[in-house]
Amino acid sequence: MMSQIANRLLISIPVLFGVLVLGFGLLILVPGDPAIVMAGPTASPDVVAAVREEMGLDEPVVVQFFSYLGRVLQGDLGRSLISNKTVLSELLAAIGPTAELMFACLIWSVPLGIALGTLAAVFRGGLIDRAIMAFSVAGVSLPIFFICLMMIQFFGVKWQLLPFIGRGGPLWTVEGLRHIALPALSLGAIFIGPVARMTRSSVLEVLKLDHVRTARAKGLSETRVILRHGLRNALIPVITLIGLQAGYLVGGAVVTESIFSYPGIGRLAVGAILSSDFPLAQGAILILALGFILINLIVDILYALLDPRVQT
């Protein structure tokens with residue numbers, strides 16, 4: 001297992017380098033001058049030129065990139081052009097809320113998706129199967145911003161059951177749970193459908209195998225056959241999908257955090273891009289990429305735990 005983790009980390013190095021290149025290049029092409037943002041809109045051309053020279057923006061783009069890469073390798077992500085705080089401190093303050101949102105989303109949507117998919121496989125072709133698949137298709141088809149707006153309209157405005165603006169505190173507090181409920185429900189709604197559909201397909205394939213027929217021939221109950229001999233062996237492709245979808249949830253979190261004014265990495269990145277805060281935007285993009293890589297590393301570890309053959 002340790003060799004797999006080491007290989008995954010080695011593969012991640014060129015991925016991170018590519019993210020740095022793309023992030024740096026895209027933000028260079030975005031309209032706006034960081035020197036003007038830093039100096040202020042009323043600054044004279046001489047002041048702007050002096051700030052540009054101080055920030056190294058008068059150097060060639062290649063020199064700027066390798067200078068930026070050197071600072072990143074030293075753990076220096078620069079300072080925010082707007083708040084003048086270090087980018088690292090801004091990101092550390094936003095990582096916690098985003099991690100809480102991801103956890104609150106996955107803790108209910110993954111078990112529910114697996115349960116619905118298994119139930120659909122057991123009642124294949126019946127009314128329950130069709131209803132679950134229709135619900136899954138609807139969840140996949142609806143865009144995340146529409147689900148967020150519907151949650152706000154009904155649970156927040158019309159029925160006034162839950163707050164829908166900001167963060168009430170840590171996840172383990174009552175106000176924290178109340179404020180994170182709608183963002184977590186909205187984000188998890190797009191996660192249930194793919195997990196349920198993959199679980200259904202995988203369980204149906206496993207239930208056709210010889211060891212399942214042997215377990216039934218031994219007189220084991222249908223519940224034990226499905227849970228112990230069917231579902232466990234069907235989870236490997238499901239884990240693959242969960243890993244991929246969890247990575248895409250990072251993108252969904254950007255929209256969700258922006259709509260609910262939730263102070264996470266996604267909202268921070270959007271605000272930094274809109275305000276031309278280039279160092280903060282680059283740092284946020286890097287953290288989002290690291291989150292995607294970490295999720296895939298966790299998926300590889302789960303592979304080895306579910307199927308020892310993967311370790312060989």
Closest non-hydrogen atom pair between S202 and V238, with its separation: CB-CG2, 4.4 Å
Crowding at CD, E53 (>12 non-hydrogen neighbours, <6.0 Å): no
Nearest-0.5 Å distance that lies between atom CG in L101 and atom CZ in R167: 10.5 Å
Heavy-atom closest contact (A120 atom, M133 atom, distance): CB-CE, 4.1 Å
Hydrophobic cluster identity match, L204 and L235, side-chain contacts under 4.5 Å: no
Atom pair CG/CD1 of L286 and I265 - distance to nearest 0.5 Å: 10.5 Å
Audit row: C105, M102, side-chain contact (heavy atoms from CB on, under 4.5 Å) steps and yes/no: CA-CA 5 Å; C105 164; M102 298 291 289; 5.7 Å; no
Residues S186, F260; criterion side-chain contact (heavy atoms from CB on, under 4.5 Å); working and verdict: CA-CA 10 Å; S186 302; F260 288 98; 3.7 Å; yes
F65 atom CZ, over 12 foreign heavy atoms within 6.0 Å: yes
Interatomic distance, D277 atom CG to S80 atom OG [nearest 0.5 angstrom]: 3.5 Å
Straight-line distance of T118 OG1 to I132 CD1, nearest 0.5 Å: 9.0 Å
Side chains of T86 and S89, donor plus acceptor under 3.5 Å: yes
Shared hydrophobic cluster for L288 and V15 (ILVMFWY, side-chain gaps under 4.5 Å): yes
For V195 against G113, the heavy-atom pair lying closest together: CG1-C, 3.8 Å
Residue pair E90 / L280, side-chain heavy-atom distance below 4.5 Å: yes
Side chain to side chain donor-acceptor pair (under 3.5 Å) evaluation trace for E59 with S67: CA-CA 10 Å; E59 300 286 346; S67 176; over 6 Å; no
Between T98 and E257: side-chain donor-acceptor atoms closer than 3.5 Å: yes
Minimum-distance pair of heavy atoms, taken over all atoms of L187 and A253: CD1-N, 3.9 Å
Nearest non-hydrogen partners of R267 and Y262, listed with the distance: CD-O, 3.3 Å
N/O donor-acceptor pair under 3.5 Å between R79 side chain and N84 backbone: yes
Shortest non-hydrogen contact between F164 and L182, atoms and distance: CB-CD1, 3.9 Å
Verdict with supporting geometry, F191 and I242, side-chain contact (heavy atoms from CB on, under 4.5 Å): CA-CA 8 Å; F191 200 81; I242 291 174; 3.9 Å; yes
Over 12 non-hydrogen atoms of neighbours within 6.0 angstrom of CZ in R130: no
Under 3.5 Å: donor-acceptor pair, side chain of D76, backbone of V72: no
Between S201 and R197: side-chain donor-acceptor atoms closer than 3.5 Å: no
Worked verdict on F17 versus L69 for side-chain contact (heavy atoms from CB on, under 4.5 Å): CA-CA 9 Å; F17 182 78; L69 182 61; 3.9 Å; yes
